Amino acid sequence: QVQFVESGGGLVQPGGSLRLSCAASGSIDSIYVMTWYRQAPGSQRELVAMITSIGTTNYADSVKGRFTISRDSVKNTVYLQMNNLKFEDTAVYYCHSSGSTWGRGTQVIVSS
């Protein structure tokens, strides 16, 4: 079973950018759908973005036009480029695929 390690989070001001990375322990070629989720304090985990093996993407309405998900099958890594960050983007971000265990995530804090 492929496991994922998220990185790239941090403290950023509103309007800033971050790129999150999700490194897989094995090949992601056979994984049809890769996703990014986030969980804010006191809230349920929510789906942020998804990408299929052929590059089809879909986003939560709250991040459309600001976030971009991509995948690199050579590096076995999935990325989440986050631009124009807002206070409400503060959360722990996780990458996930069907059947995988949840990793530790990476913390994103948007604060002035």
Side-chain angles (χ1 to χ4, degrees):
Q1 187 180 31
V2 177
Q3 296 181 321
F4 305 104
V5 177
E6 303 92 346
S7 63
L11 175 64
V12 63
Q13 293 185 339
S17 297
L18 285 174
R19 188 175 83 154
L20 306 184
S21 297
C22 168
S25 60
S27 174
I28 63 172
D29 279 347
S30 62
I31 300 176
Y32 180 57
V33 178
M34 287 295 307
T35 58
W36 280 98
Y37 281 78
R38 68 184 180 188
Q39 187 167 19
S43 298
Q44 300 271 21
R45 193 169 292 172
E46 63 171 346
L47 178 63
V48 175
M50 59 179 291
I51 185 168
T52 70
S53 57
I54 59 171
T56 303
T57 58
N58 200 6
Y59 299 92
D61 287 343
S62 58
V63 307
K64 277 181 182 176
R66 301 188 298 120
F67 290 12
T68 303
I69 187 171
S70 60
R71 60 193 287 171
D72 185 331
S73 294
V74 174
K75 295 182 178 179
N76 293 318
T77 301
V78 180
Y79 302 99
L80 186 67
Q81 177 67 43
M82 307 187 297
N83 298 328
N84 190 22
L85 283 160
K86 303 178 179 182
F87 293 119
E88 53 264 39
D89 295 320
T90 295
V92 179
Y93 286 72
Y94 304 86
C95 65
H96 189 259
S97 68
S98 179
S100 72
T101 56
W102 293 94
R104 293 186 175 184
T106 185
Q107 175 83 58
V108 172
I109 300 174
V110 183
S111 175
S112 55

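Note that the coordinates shown come from a computational prediction; the quantities given were computed from them, not determined experimentally. Just so it is clear, the values below take in all heavy atoms, side chains as well, and ignore hydrogens, waters and symmetry mates.
Ile28 and Ile51 fall within a single hydrophobic cluster, where Ile, Leu, Val, Met, Phe, Trp and Tyr side chains are chained together by heavy-atom contacts under 4.5 Å. Both Tyr32 and Met50 sit in one connected hydrophobic cluster of ILVMFWY residues. Membership requires side-chain heavy atoms under 4.5 Å apart, directly or through other members. Grouping the Ile, Leu, Val, Met, Phe, Trp and Tyr side chains by contacts below 4.5 angstrom, directly or via other members, places Val12 with Leu80. Criterion: ILVMFWY side-chain heavy atoms under 4.5 Å apart, direct or through other members. Under it, Leu18 and Val78 are part of a common hydrophobic cluster. The cluster map of Ile, Leu, Val, Met, Phe, Trp and Tyr, joined by side-chain heavy atoms under 4.5 Å apart, puts Val63 and Leu20 in the same cluster.
Here the two rings, on Phe67 and Trp36, have centers that are 6.0 Å apart or farther.
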Query raised in the report: So Phe4 and His96, side-chain contact (heavy atoms from CB on, under 4.5 Å) or not? Walk me through it.
Result: CA-CA 7 Å; Phe4 305 104; His96 189 259; 5.8 Å; no
Requested in this report: Show your working on side-chain contact (heavy atoms from CB on, under 4.5 Å) between Tyr94 and Thr35 and close with a plain yes or no.
Outcome: CA-CA 8 Å; Tyr94 304 86; Thr35 58; over 6 Å; no
Query raised in the report: Run the side-chain contact (heavy atoms from CB on, under 4.5 Å) check on Asn76 and Val2 step by step: do they pass?
Result: CA-CA 10 Å; Asn76 293 318; Val2 177; over 6 Å; no
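Judged purely by atom type and a 3.5 angstrom limit, Thr106 has no side-chain atom pairing as donor or acceptor with the backbone of Glu6. Side chain of Asn83 to backbone of Ser17: no donor-acceptor contact under 3.5 angstrom is found.
Across all their heavy atoms, Gln107 and Val92 have their closest contact at OE1-CG2, 3.5 Å. Nearest approach of Tyr59 to Thr68, heavy atoms of both residues: OH-CA, 3.4 Å. In terms of heavy atoms, Gln3 sits closest to Thr101 at NE2-OG1, 4.3 Å.
The side-chain heavy atoms of Glu46 and Arg38, taken from C-beta on, include a pair separated by under 4.5 Å.
Exactly one residue among Ile109, Val110, Thr90 makes a side chain to side chain contact (heavy atoms under 4.5 Å, CB included) with Leu85. That residue is Val110.
Electrostatic pairing of Lys86 and Asp89 does not count as a salt bridge here, judged by no charged N lying under 4.0 Å from a carboxylate O.
Asp72 and Thr77 are not linked by any side-chain donor-acceptor pair at a separation below 3.5 angstrom, with hydrogens and angles left out of the test.
No more than 12 heavy atoms of other residues, nucleotides or ligands shown are found within 6.0 angstrom of CD on Gln44.
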